[in-house]
Amino acid sequence: MTAENRQMWAELDIDLKQHDTLLNALGPIYQDIYLSQQGRPEGMAFFDFVVGDIHGIRVHELRQHAKEGGKVVGTYCVFVPEELCWAAGAIPVGLCAGTQFSVPVAEEVLPRNTCALIKSSFGFKLGRTCPYVQTSHLIIGETTCDGKKKMFEILAERHPVHVMEVPHKKTALSRALWQGEVAGLKDVIEELTGNRITAANLAQATKRVNARRRALQRLYNLRKKRPVPISGKDALLVSQVSFYDDVDRNTQQINALCDELDKRVAAGEGVFPSDVPRILISGSPMAIPNWKLHHLIESAGAAVVCEESCIGTRNFSDLVPENGGGLDEQLTAIAGRYMKINCACFTPNEGRIEDIVRLAREYEADGVVHYNLQFCHTYANEAALVEKALEKAGIPLLRIETDYSDEDAGQLRTRIDAFLEVIGA
Ligand code: BJ8
């Protein structure tokens, strides 16, 4: 921790004592979960560096941007159309929401039986331990689930918040509502930044964000190979970092990593033997530094080859059409692209069920682990439909409901071991 960083955190009104505890805990965890892996691609060095200085260099960049008059916009969901931020010269950042560390402080205000993602995100603001929240000028929330939307009301007492209404059906009426929400966000961002969003800067922003999506698609396509050239944990980290790194630098780093993985594939090299069980994880998102399930599965001798999740395929599978056109046309294209996301907040949500079966086949998964954050009722209930579809498709499923604590690690390990035995690997 450099003196310069400490000075910056103090200026951001960070609770330095608590923050030290957080960062001091993260180093050994990262060593244990990440740096101890064998045969990692050299291209992961950049991502190790980013995590090694997780609250340093990127926060400095954002602050610099703010000092020059730019704005920083915090988000918690892949429904927020980041193109609008980049187009207006603002920087969108996915905010920290993935650790038990910030949960107890949140429970002083929110009910304990609330999903860990909601508590963790709220706890970071309440406890003043996340410099990204402190740096952001505005947080864009959404109404994807009841817990989140109520949390945003309480968060709004402490931080500027704008909430987008995400409809829960994909009817023509719902699409019209969403289109209005996207147009409304354009106005909000313009007002925040003092910059106009034009057809030209929006087209440019769309290209930049699509380029990162293509890079992530490339990375995931490489995970279809056997042997798999990168661990699930490393691929997860790349996805997590993509939520707060600069979009162009991130695209370039992911592509550089993929160049290396291409060579591995050509040489038939992998991080695990060809015959290890291949697992698709589906369900709730995993915000940084939530590495719990991947670590348990890969420590048990399997490879996580794909995430049907907002930290995985839901974040990059669909591109915004780059047909140009006028501003209205582009806003319609953006609204349409985001409405394709198959979040469990939608009813019905057959698209997600179809995605899981299709992805399990494409990635040659031997089994699916359905990951459900405790108290997330949409995913928990939808799991029954996932189970039925996978049974029909003959794909084994393990349903896991957990939170961010390590209390159930032993029990989960036993269940994962038993599942791997059943799928015959
Ligand atoms: S588009 S999955 S990122 S809402 S917070 S719904 S886990 S109870 S995160 Fe999500 Fe957007 Fe959907 Fe994706 Fe459940 Fe928790 Fe709610 Fe959650």
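As the structure is a computational prediction, the values presented were derived from the model and not from experiment. Note that ligands are numbered from 1 as they come in the structure, with each ligand's atoms numbered from 1 the same way.
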For Thr99, check side-chain hydrogen bond (donor to acceptor under 3.5 Å, both in side chains) against everything at least two apart and list the hits. none

Side chain to side chain, Lys119 and Tyr404, heavy atoms closer than 4.5 Å: no

Measure up the Tyr30 and Tyr34 rings against each other and bin them: parallel (under 30°), tilted (30 to 60°), perpendicular (over 60°). parallel

Among protein heavy atoms, which lies nearest atom 16 (Fe) of ligand 1, and at what distance? Cys145 SG, 2.3 Å

The number of protein N, O or S atoms lying under 2.8 Å from atom 13 (Fe) of ligand 1 is 1

With side chain to side chain donor-acceptor pair (under 3.5 Å) as the test, pick out the partner of Asn349 among Glu382, Lys170, Glu354. Glu382

What's the shortest distance from atom 2 (S) of ligand 1 to any protein heavy atom, and which residue and atom give it? Tyr379 OH, 3.0 Å

What is the ring orientation for Trp178 with Phe79, classed by angle as parallel under 30°, tilted 30 to 60°, or perpendicular over 60°? perpendicular

For the pair Arg358 and Glu362, evaluate salt bridge (charged side-chain N to carboxylate O under 4.0 Å, His left out) and give the outcome as yes or no after the intermediate values. CA-CA 6 Å; Arg358 177 181 53 79; Glu362 279 178 15; 3.1 Å; yes

Under the criterion ring-ring contact (aromatic ring centres under 6.0 Å, His included), which of His55, His137, His159 is the partner of Tyr132? His55

List the steps and the verdict of side-chain contact (heavy atoms from CB on, under 4.5 Å) for Glu142 and Tyr76. CA-CA 8 Å; Glu142 15 62 47; Tyr76 292 114; 4.1 Å; yes

Take atom 13 (Fe) of ligand 1 and look for protein heavy atoms under 4.0 Å from it; say yes if you find one, no if not. yes

Taking only non-hydrogen atoms of Ile118 and a 4.0 Å limit, the atoms of ligand 1 in range are 5 (S)

If you have a sec, work out which protein heavy atom is nearest atom 15 (Fe) of ligand 1 and how many Å separate them, to one decimal? Cys115 SG, 2.3 Å

Aromatic ring centroids of Tyr220 and Phe316 under 6.0 Å? yes

Using a cut-off of strictly less than 2.8 Å, determine whether Cys376 has an N/O/S atom near atom 15 (Fe) of ligand 1. no

